[in-house]
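Below is one structure, written out as structure tokens; comments come after it.
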Amino acid sequence: MPGGRLTDQDRQHIAAGLAEGLGYTEIGKRLARPASTIMREVTRNGGPDSYRADRAHEATRHRARRRKQPQPPAPPAPDGGHGRDPRAVQDFTESFTDLLVQQGVPRMMARVMTCLYITDAGILTAADLVQRLRVSPASVSHAVTYLEQQGMLSRERTPGMRRERYVIDDQSWLRSLLATLQMNDALMAASQRGAEVLGVGTPAGARFESTAELLLLVSESHRKAIEEWQHNLAVRNAGRQA
């Protein structure tokens, strides 16, 4: 926050400014703070008509105390009798989650995805995820919806029960990649159209033509990789069944 955290005195000035009928921008100028800072402060503490400095200060202190409370460690993932090192599994879980976040996956979605991936069955219920991740059912539901839309997991009903299970398998990345290729193809087609409309002899048209060429090469290489992977997977599965 620019200028450091709001003090009790700052909040008194905010309350006084609101009582005068000043807007967030004017109050912010008086305190050398962005108007957005004043707006967030007022909004989270009752709004312009109900803002009270002492109550806002106490609420902020309470939120700070809650954030400082250490979260209980997540229970270790069941080993399944494979003799795995729990510490190594935990370290890998955290590093893989961080990697997904660096790739642009929201953290809660990355945690759910990793939690499913490290299970041998690749299947967990919402209750399983809540217990293992120590998060709310709403957080799990939101994350699952996001991952399903990205093609990274699927849902299935528990046999004989109404409860859903969430499934991740070795096709998950394939589904996500195919969705990416669809977008790539759409961009390629649009770039080709841009080159035609603007004229390949112009700088703008040439730029679109070059972009279309790159996207075409990307699509072709990815599809070739997918075909090779599917062939190798079929060979491995045939060998296991023999």
Side-chain angles (χ1 to χ4, degrees), residues 63-181 183 221-222 225-242:
R63 286 193 293 267
R65 285 196 299 269
R66 284 195 309 176
R67 284 195 294 267
K68 290 180 180 178
Q69 292 178 352
Q71 293 294 322
D79 177 67
H82 293 289
R84 295 169 178 142
D85 180 355
R87 182 68 260 174
V89 172
Q90 183 63 29
D91 289 344
F92 172 76
T93 298
E94 293 173 0
S95 64
F96 192 73
T97 299
D98 289 341
L99 178 60
L100 292 178
V101 172
Q102 292 170 14
Q103 298 297 317
V105 180
R107 179 160 291 277
M108 180 53 61
M109 290 62 172
R111 294 184 66 197
V112 168
M113 185 174 170
T114 302
C115 192
L116 275 161
Y117 240 101
I118 65 172
T119 63
D120 288 305
I123 300 173
L124 292 173
T125 65
D128 293 330
L129 289 167
V130 166
Q131 180 183 21
R132 294 187 183 203
L133 299 177
R134 300 288 176 88
V135 295
S136 68
S139 296
V140 169
S141 177
H142 182 61
V144 165
T145 299
Y146 173 90
L147 291 171
E148 186 178 30
Q149 290 172 347
Q150 301 299 315
M152 297 306 298
L153 59 74
S154 57
R155 303 171 188 247
E156 66 177 31
R157 291 286 183 184
T158 304
M161 303 179 65
R162 297 176 58 187
R163 187 170 54 179
E164 285 186 331
R165 302 190 301 183
Y166 308 125
V167 183
I168 199 166
D169 53 31
D170 54 8
Q171 301 287 324
S172 297
W173 286 110
L174 174 61
R175 290 191 293 269
S176 179
L177 182 56
L178 289 174
T180 301
L181 281 175
M183 177 58 70
S221 63
H222 276 67
I226 289 173
E227 291 174 0
E228 183 177 351
W229 176 80
Q230 289 175 324
H231 171 74
N232 293 341
L233 182 63
V235 171
R236 284 197 300 271
N237 288 339
R240 290 167 183 165
Q241 295 172 2

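Nothing here was measured: the structure is a model prediction, and the numbers come from that model.
Atom CG of Leu133 and atom SG of Cys115 lie 4.5 Å apart (nearest 0.5 Å). Atom CG of Asn232 is separated from atom CH2 of Trp229 by 10.0 Å, given to the nearest 0.5 angstrom. In this structure, CG on Leu129 lies 5.5 Å from CG on Leu116, to the nearest 0.5 angstrom. If you take OH on Tyr166 and OG1 on Thr125, they are separated by 8.0 Å, rounding to the nearest 0.5 Å. Atoms CE and CD1, from Met113 and Ile118 in turn, are 12.5 Å apart once rounded to the nearest 0.5 Å. Gln150 contributes atom CD, which lies 6.5 Å from atom OG of Ser176 (distance to the nearest 0.5 angstrom).
Scanning both residues, Leu100 and Ala110, for their nearest heavy atoms gives CB-CB, 3.8 Å. The shortest heavy-atom contact between Val105 and Met109 is CG1-CB, 3.8 Å. What you find for Ala143 and Val112 is that their closest heavy atoms are CB-CG2, 3.7 Å. In terms of heavy-atom proximity, Arg84 sits nearest to Asp120 at NH2-OD1, 2.9 Å.
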Problem - side-chain contact (heavy atoms from CB on, under 4.5 Å) between Val144 and Arg155, intermediate numbers included - result: CA-CA 9 Å; Val144 165; Arg155 303 171 188 247; 3.7 Å; yes
Practice task
Apply the test side-chain contact (heavy atoms from CB on, under 4.5 Å) to residues Asp169 and Arg175: give CA-CA distance (whole Å), side-chain angles for both, the deciding distance (0.1 Å), then the verdict.
Solution key: CA-CA 10 Å; Asp169 53 31; Arg175 290 191 293 269; 3.5 Å; yes
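Panel note: side chain Asp98, backbone Ser95; no donor-acceptor pair is recorded below 3.5 Å. No donor-acceptor distance shorter than 3.5 angstrom exists from the side chain of Thr114 to the backbone of Arg111, with no hydrogens or angles considered.
Residues Thr119 and Arg132 are in side-chain contact: their nearest non-hydrogen atoms beyond the backbone lie under 4.5 Å apart.
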